[in-house]
Colleague: 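I have a structure I would like to understand better, so I am pasting it below and will then ask my questions one at a time.
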Amino acid sequence: MSSSRRQYPFHLIEPKWQQAWEQQQAFRAFNPGETVPVGHPFGIRHGLSGKVADRKSLPEKYYILDMFPYPSGAGLHVGHPEGYTATDILARYRRACGLNVLHPMGWDSFGLPAEQYAVKTGQHPRVTTEANITNFTRQIKSLGFSYDWSRELATTDVEYFKWTQWIFLKLYNSWFNPATNKAEPIEALKFPADCTTEEKKRAYRDSKRLAYVSEAPVNWCPELGTVLANEEVIDGKSEVGGFPVIRKPMRQWMLRITAYAEKLLADLDTIDWSDSLKEMQRNWIGRSEGAEVTFEVVETPNNFKNISQSGVQFAPPFRITVFTTRPDTLFGATYMVLSPEHKLVGVITTAEQQQAVEDYKKFAAGKSDLERTELAKEKSGVFTGAYAINPVNSEKIPIWIADYVLASYGTGAIMAVPAHDERDWEFAKKFSLRIIPVVMPPIGWLKEHQPDEWRELHAKESDSSTEESLWNGYFKLGNTFKAAYTETGSAIRSKNDEVSLNTLPTLEAKAKISAWLEEKGLGKKTINYKLRDWLFSRQRYWGEPFPIIWKKDAAGNLYHEALPESALPLLPPTLEDYKPTTGGEPPLARAKDWLNLPDGSVRETNTMPQWAGSCWYYLRYTDAKNSTAFVGKDADNYWMASNGKAAGVDLYVGGTEHAVLHLLYARFWHKVLFDLGYVTTPEPFYKLVNQGLILGEDGQKMSKSRGNVVNPDDVLVEYGADAFRLYEMFMGPLQDTKPWNTKGVEGVYRFLGRAWRLFVDEKSETAYEQAEALAGSFTAENAEKHKELLDLILLDGGITDMDATPAQLKTLHACIKKVTEDLDGMRFNTAISAMMVFINEAMTWQTKPLSVMKTFLQLLAPFAPHIAEELWARLHSTFGLQATSLAYAPWPKYDPALLVESEIEMPVQVNGKFRDTIKVAVDADNATIEAAAKASEKVQVFTTGKAIKKVIIVPKRMVNLIVG
RNA sequence: GCCGGUGUGGCGAAAUGGCAGACGCACAGGACUUAAAAUCCUGGGACCCUAAAAAGUCGUGCGGGUUCAAGUCCCGCCACCGGCACCA
């Protein structure tokens, strides 16, 4: 900590204004139907003081949102305020522009750390969570953000998670109707004819619900004691903590997000997000178009064991359906591969291969996800002993199993075309399977991969040979590919009695064979997605309990049933022991009283993941106190409804880490709520910006272990909130990754000091300092006294009520223009540099016009609101003006006429090289400009004795003389 | 491997196809001071020449191209960052 003198008394100014804003509720946003208190600055600005704000009288809305933080014990990190400052600047700017700005903050407060702390100490997670929220609130408030704190929420609030549970019930009680392409209530779903019993009806509905129970291999993390969603597993390790994750079959709740794959993908085109983020979501959804093709398995004397699986009897003939994106290569399919988990494996395997197949299945099942990725280089698999018939050429092809075919994608089975697929190629090479090329590559491909063959062919052929004749020669010589050719090309050797693909380019070949397959009932066009359903239950204590109970039917089988809405909120039980169990039994199961209901049914003991609460918090902010609905119609209509192009949240700022987690989940929930008619827009976040990572001073990612973490509290003590805010924005473009530099904070701090000294009287400041020294350092107790001291500082006599000179006006209006345009484009760093330019210029003025200085404070206010408010208030009282709130003062407009120069400098080039500048009248004609350029001595050095061949004049820009 | 992004002084960074390096940091020199800090003023891409300057040459990851003119547009590479990764 330096002992240097403060640039200005930010330690008095900042608490003073934060308190004033809070008392006045200055940044409260008003909903339609609310009464605007008399004297509220918003009401004064918009003529609504003391009136009920109906939708027509309210100005246009602007909803600007931060990703709410998880209130960790470590407190605020410098990365949090980066996004928060950006949104705060824009919120303040839009307010000044006259919009009704909704800018809320809250807490994503369910989560693992509080629970782990509870396991260690026995302290209830609610206690630590509340303490952390208190600390976060203090830190965030000390930065002077203009949040509407009346809308604060926490996902752990009973009044909040009641509605999270309510939305879950909506998911549970809905299904996706492909005919109408939207979610509908499950009661409206018609039963098929064979649903004759209650059990069958129940099973049918359960198979359609958007929230359903599935018994399948899931991601189990033993260290965390819970299952995880696919999105939470990175390279076989948990996203939180980096612990190993294994596959384990468990009964879990799933959300049918795959029903929305197409909408989630298509609607990306309607929203304004960065390309990279949209691309991440597109990749995650992973749409691919192709066809399903059915192959019949050949019956041999020693295969086809008559086995029943999950109660379903299997009987021949057996058919295997595969998914392929290249149906045009079907003639090149020389074998098939099933995933080891494929349900037909046990049925078709021959006696001879029985043991090998069993061993391989065990081997594959024993691999963790991590091992599977690491071993990906080497293909493995075994022959089942069975064969299938290729439907296009009746060839008998062997059926293998291999773990490079995934059970969870497509149909869990493939046709292998080794000539045209990298993976099939490797597998075929390893196990000496046939390779038949059926797509003709460009001849250049042969030159690259098989130069010897290429030379041989070229030697034989004439110059006029076509690629086709070269390839014909190639195959005639008995050559075959030495690598897989996976691109498109013309089909070859793809012909049977009914259909020929030969000579067709890939796209047409695909269409032709698909049509033929469809006609024959052998296949159909299909679209597949990589996206899997969302695993939605966790074996944890600190999460929303599911509003579900389990009952037994007449046969003694368990079935689930939803609680009625009237039973909400369903509170979790109090526990002594929050520990997860090793077997995957949730901690809630320990609470026997809570678990067992009088009628013999039991409660669901899993809880929802942390993402549940963050899936809809942005909706709750619009109507945070509503006790009869998760959000009221009017509130949703006003804050989320379409206005021109924008819909939903107008601007959402947060980190990239949520690209395929929160941002995908929230879009999914929103679309369901939209389909069911509860919200008015199909997308929640119209525009989204990712702030870049702030690195440590050493250029490395900030982390405790590296010891390079910057604590905002420390920066605030030394430089104040305004300097902190300004620095975070001055570092560089918001979206960029950039390193922290404490010297840089000093730079903007000095800028604020220069701005301060432009206004205040140096002598009175000295008097204040002496008084402050006597009064002792600033504490909460002597805050009032210090505030009085602050009043000792008087304005500088250099500010006068005179007219501004044209030069001064020009400086000011250039600044207004730049700052306004940069705010619209979210270029905060260059906006700040424009204000620095203004201050550097204003420092040279003998006298400073009041009007100019007032306007400058308005420009500064969104960035450094405390110092701006203080100086604004002082200017008004000193000059006896009516005190108004700076926060709602109308944003200044620049006058283009003032920026017009009478004389301008133009660069002169000779042969494209800059040589001199000339001064000409702004409206000078080309002849005058040319003459002035030629008259320049520096230019003449390069033109004398040479002919000027051409003169290029771009008015108001430059002159270029071309000499020969 | 595939997709997306980024490459500009010692550092963070600016530049509607038109004077590259605004603004800030660090640095150097000066003023003020007994001294320091703070503040204020001045300087600055590299090279070459010079006592100093002027003038000149080169310069936005590398190689080409379009253009009177390219950091900016086009083609081909390289490096780094982020995401996905046996998805048929």
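Reminder, nothing fancy here: chain letters follow the sequence lines and each chain counts from 1.
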Colleague: Please, which pairs that meet salt bridge (charged side-chain N to carboxylate O under 4.0 Å, His left out) have at least one residue in residues 755-766 of chain A, sequence neighbours excluded?
Modeller: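 Matches after skipping sequence neighbours: none remain.
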Colleague: Do nucleotides 17-31 of chain B as a string where each nucleotide becomes B, S or -: B if the base has a protein heavy atom under 4.0 Å, S if just the sugar-phosphate does, - if no protein is that close.
Modeller: -BB--BBSSS-----
Colleague: So, OP1 or OP2 of rC40(B): does either fall under 4.0 Å of a side-chain N or O from R757(A)?
Modeller: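 The answer is yes; a side-chain N or O of R757(A) sits under 4.0 Å from OP1 or OP2.
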Colleague: For RNA chain B, which consecutive runs of 3 or more Watson-Crick or G-U pairs (each distance under 3.5 Å) count as stems?
Modeller: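 Stem list for RNA chain B: B:1-7 with B:78-84, B:10-12 with B:23-25, B:27-31 with B:39-43, B:45-47 with B:56-58, B:61-65 with B:73-77.
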Colleague: With sequence neighbours left out, what residues match E231(A) under salt bridge (charged side-chain N to carboxylate O under 4.0 Å, His left out)?
Modeller: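 Salt bridge (charged side-chain N to carboxylate O under 4.0 Å, His left out) check on E231(A) returns nothing, list empty.
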Colleague: Applying side-chain hydrogen bond (donor to acceptor under 3.5 Å, both in side chains), can you list everything that pairs with Y894(A), at least two apart in sequence or on another chain?
Modeller: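 Expected list: none.
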Colleague: Does D736(A) have any salt bridge (charged side-chain N to carboxylate O under 4.0 Å, His left out) partners at least two apart in sequence or in another chain, and if so, which?
Modeller: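 Checked D736(A) against salt bridge (charged side-chain N to carboxylate O under 4.0 Å, His left out); zero matches.
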Colleague: Just jot down the side-chain hydrogen bond (donor to acceptor under 3.5 Å, both in side chains) partners of K430(A), sequence neighbours excluded, or say none.
Modeller: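 In terms of side-chain hydrogen bond (donor to acceptor under 3.5 Å, both in side chains), with neighbours along the sequence ignored, K430(A) is linked to E378(A).
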Colleague: Can you sort out the partners of E292(A) under salt bridge (charged side-chain N to carboxylate O under 4.0 Å, His left out), two or more places apart, ordered by chain and number?
Modeller: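 For E292(A), the residues satisfying salt bridge (charged side-chain N to carboxylate O under 4.0 Å, His left out) (neighbours in sequence not counted) are K524(A).
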Colleague: Residues in side-chain hydrogen bond (donor to acceptor under 3.5 Å, both in side chains) with N741(A), at least two apart?
Modeller: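 Expected list: none.
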Colleague: Is the W400(A)-F431(A) ring centre distance short of 6.0 angstrom?
Modeller: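 For W400(A) and F431(A), the ring centres are under 6.0 Å apart.
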Colleague: Is Y409(A) close enough to rA88(B) that one of its side-chain N or O atoms is under 4.0 Å from OP1 or OP2 there?
Modeller: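 Looking at the OP1 and OP2 atoms of rA88(B), one of them is under 4.0 Å from a side-chain N or O of Y409(A).
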Colleague: Is R827(A) near enough to rA15(B) that one of its side-chain N or O atoms lies under 4.0 angstrom from OP1 or OP2?
Modeller: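 Negative; the distance criterion is not met.
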Colleague: Distance check: side-chain N/O of S288(A) vs OP1/OP2 of rA88(B), anything under 4.0 Å?
Modeller: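 For S288(A), the contact criterion (side-chain N or O under 4.0 Å from OP1 or OP2 of rA88(B)) is met.
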Colleague: Examine rG5(B): is either OP1 or OP2 under 4.0 Å from a nitrogen or oxygen in the side chain of Q735(A)? Give yes or no.
Modeller: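 No, because none of the side-chain N or O atoms of Q735(A) sits under 4.0 Å from OP1 or OP2 of rG5(B).
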